[in-house]
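Working notes for the structure below.
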Amino acid sequence: MEQFDPSAPPPFKIADIRAAIPAHCWVKNPWRSLSYVLRDILVISSLVAIAVFFHNSSWVWPVYWAAQGTMFWAIFVLGHDCGHGSFSDSTNLNSIVGHILHSLILVPYHGWRISHRTHHQNHGHVENDESWVPLTEKNYKTLDAPTKLLRFKVPFPLFAYPLYLWTRSPGKSGSHFNPYSELFAPNERRYIATSTLCWTLMVVNLIYLSTIIGPSLLFKLYGVPYFVFVMWLDFVTYLHHHGHEDKLPWYRGKEWSYLRGGLTTVDRDYGMFNNIHHDIGTHVIHHLFPQIPHYHLIEATMAAKPVLGKYYREPKRSGPIPVHLIDNLVKSIKQDHYVSDVGGVVYYQTDYQMIGKKVE
């Protein structure tokens, strides 16, 4: 049987996929979107109340940290939908809700929104992509040992997101907080200034709150969940573009197209967390059509699968806890180090010297 080549140009067009998706999947219901916001805020508030009430119980804090960090991640996903415009058709509503949700978890809404738009518009492109971009061999060889350790040794990559917001990825420059960063066009600077101001106000509020309840309790209530949220974000976003059992291509030059790049993304099953974090695991259709609301992504994916054929990689079914994905993450970070400096279709290569293995 002929082996499938995932880098081969697909026999269908993006219009064919679009036509297969039911019309109602494109409809955005702001009230339904807001109901998810209300649900998540109520859960977050309830968790805080429970933790404060049982704060002297030894069991409460580990449970609280895991649950609240997951809920921080959930409201990030809703703010992410605002950034895509899939939350509602109202730009003002998207901006207001996005700023509230993302500022609460120290994410500069517009700064992230614009860089994430760049990621979607250039997904799968070696040089132009924005999220978890592969290093070229030349850039990889310029990294010092501490940088390689932080990038390619678990668990350090799971804490990369705050650093990325300030400095972007290795080989790129700019900050999500600086209106004059090369990430942004001149007409976008006022948006960045607004989001940076909202982020700053949140930091000031946290500092003020620490003077009332004490820094120790604030760290327990907010600091630890924040880092759990960061781990969720890096875990999920990495695995949507890496770690598949079969190596997937990256493109540059004439070989890249929006469709081919989007087809390198990977769907994941997160077990009981699928609904909690708003089906972010249905990532292929989301990447191709980010305007589709998250609550229609599963149906849209099912409708598109006959068109996608082998270009759609069925995610491995998960138990309640997606422990199987930890193996995908560890193996990929250990093996996927850089891509070739040349070529229109490239795959990750391994620095065997770094992992202490001789090339046979």
Side-chain angles (χ1 to χ4, degrees), residues 21-22 24-29 32-44 46-47 63-84 86-87 101-102 105 116 120 123 131-132 158 161 225 228-245 262-305 308 312-329 332:
I21 298 173
H24 68 265
C25 288
W26 302 87
V27 177
K28 309 161 193 176
N29 184 336
R32 184 171 182 179
S33 296
L34 286 168
S35 73
Y36 289 107
V37 174
L38 178 62
R39 181 193 79 173
D40 289 358
I41 295 299
L42 286 175
V43 173
I44 288 171
S46 299
L47 288 171
V63 175
Y64 170 80
W65 292 332
Q68 193 70 294
T70 301
M71 292 310 302
F72 280 16
W73 163 237
I75 64 171
F76 173 88
V77 175
L78 293 178
H80 155 275
D81 290 355
C82 293
H84 280 302
S86 62
F87 189 87
L101 295 179
H102 276 191
I105 49 176
H116 191 66
H120 270 258
H123 45 210
S131 179
W132 293 109
L158 294 177
Y161 186 65
V228 173
F229 146 65
V230 167
M231 292 178 69
W232 261 116
L233 187 150
D234 285 324
F235 179 74
V236 170
T237 56
Y238 184 89
L239 286 175
H240 283 163
H241 301 277
H242 299 77
H244 194 263
E245 288 73 11
L263 293 176
T264 65
T265 58
V266 180
D267 276 11
R268 299 290 188 181
D269 182 8
Y270 297 98
M272 70 177 189
F273 298 101
N274 286 329
N275 179 265
I276 294 172
H277 63 198
H278 308 293
D279 292 316
I280 194 65
T282 47
H283 209 65
V284 177
I285 291 301
H286 165 67
H287 245 269
L288 292 172
F289 307 108
Q291 310 87 353
I292 296 179
H294 75 264
Y295 41 83
H296 290 317
L297 282 173
I298 293 177
E299 182 181 359
T301 298
M302 294 300 295
K305 281 166 64 174
L308 296 172
Y312 179 78
R313 289 161 284 276
E314 195 74 39
K316 183 178 179 180
R317 294 295 97 186
S318 175
I321 309 296
V323 291
H324 68 287
L325 293 177
I326 297 175
D327 185 56
N328 293 84
L329 177 80
S332 177

### Message
Could you walk me through whether Asp40 and Leu101 satisfy the side-chain contact (heavy atoms from CB on, under 4.5 Å) test, starting with their C-alpha distance in whole Å, then the side-chain angles of each, then the deciding distance to 0.1 Å, before giving a yes or no?
### Response
CA-CA 10 Å; Asp40 289 358; Leu101 295 179; over 6 Å; no
Atom [atom1] in [X], atom [atom2] in [Y]: separation rounded to 0.5 Å?
{"X": "Gln68", "Y": "Thr70", "atom1": "CD", "atom2": "OG1", "result": "9.0 Å"}
{"X": "Tyr36", "Y": "Leu78", "atom1": "OH", "atom2": "CG", "result": "9.5 Å"}
{"X": "Ile321", "Y": "Ile326", "atom1": "CD1", "atom2": "CD1", "result": "9.5 Å"}
{"X": "Leu47", "Y": "Met71", "atom1": "CG", "atom2": "CE", "result": "7.5 Å"}
{"X": "Phe229", "Y": "Ile75", "atom1": "CZ", "atom2": "CD1", "result": "8.0 Å"}

Aromatic centroids of [Y] and [X] separated by under 6.0 Å:
{"X": "His277", "Y": "Trp232", "result": "yes"}
{"X": "Trp26", "Y": "Phe289", "result": "yes"}
{"X": "His241", "Y": "His123", "result": "no"}

Flag the pair [X] / [Y] as yes when at least one side-chain heavy-atom distance between them is below 4.5 Å, and no otherwise.
{"X": "Pro22", "Y": "Glu299", "value": "yes"}
{"X": "Leu325", "Y": "Tyr270", "value": "yes"}
{"X": "Ile280", "Y": "His80", "value": "yes"}
{"X": "Val236", "Y": "Trp73", "value": "yes"}
{"X": "Val37", "Y": "Phe87", "value": "yes"}

Check whether [X] reaches the backbone of [Y] with its side chain - one donor and one acceptor, N or O, closer than 3.5 Å.
{"X": "Asn328", "Y": "Gly243", "answer": "yes"}
{"X": "Arg268", "Y": "Thr282", "answer": "no"}
{"X": "Asn274", "Y": "Asp279", "answer": "no"}
{"X": "Asn29", "Y": "Arg32", "answer": "yes"}
{"X": "Asp234", "Y": "Tyr161", "answer": "yes"}
{"X": "Asp327", "Y": "His324", "answer": "no"}
{"X": "Gln291", "Y": "His84", "answer": "no"}
{"X": "Ser86", "Y": "Pro293", "answer": "no"}

With sequence neighbours left out, the residues meeting side chain to side chain donor-acceptor pair (under 3.5 Å) with His283 are His240, His287
Exercise for the section: Considering only NZ, NE, NH1 and NH2 on the basic side and carboxylate oxygens on the acidic side, decide whether Glu314 and Lys305 come within less than 4.0 Å. Expected result: yes
Can a donor-acceptor pair be found between the side chains of His294 and Asp81 at a distance below 3.5 Å? yes
Check your understanding: Crowded around Met272 CE? As in, over 12 foreign heavy atoms under 6.0 Å?
Key -> yes
Q: For the pair Tyr238 and Ser332, evaluate side chain to side chain donor-acceptor pair (under 3.5 Å) and give the outcome as yes or no after the intermediate values.
A: CA-CA 9 Å; Tyr238 184 89; Ser332 177; 2.7 Å; yes
Could you walk me through whether Thr301 and Tyr312 pass the side-chain contact (heavy atoms from CB on, under 4.5 Å) check?
-> CA-CA 9 Å; Thr301 298; Tyr312 179 78; 3.8 Å; yes
The side chain to side chain contact (heavy atoms under 4.5 Å, CB included) partners of Ala300 (sequence neighbours excluded) come to Ile21, Cys25, Ile285, Ile292
Scanning both residues in full, the closest heavy-atom pair of His278 with Ala74 reads CD2-O, 3.4 Å
With sequence neighbours left out, the residues meeting ring-ring contact (aromatic ring centres under 6.0 Å, His included) with Phe235 are none
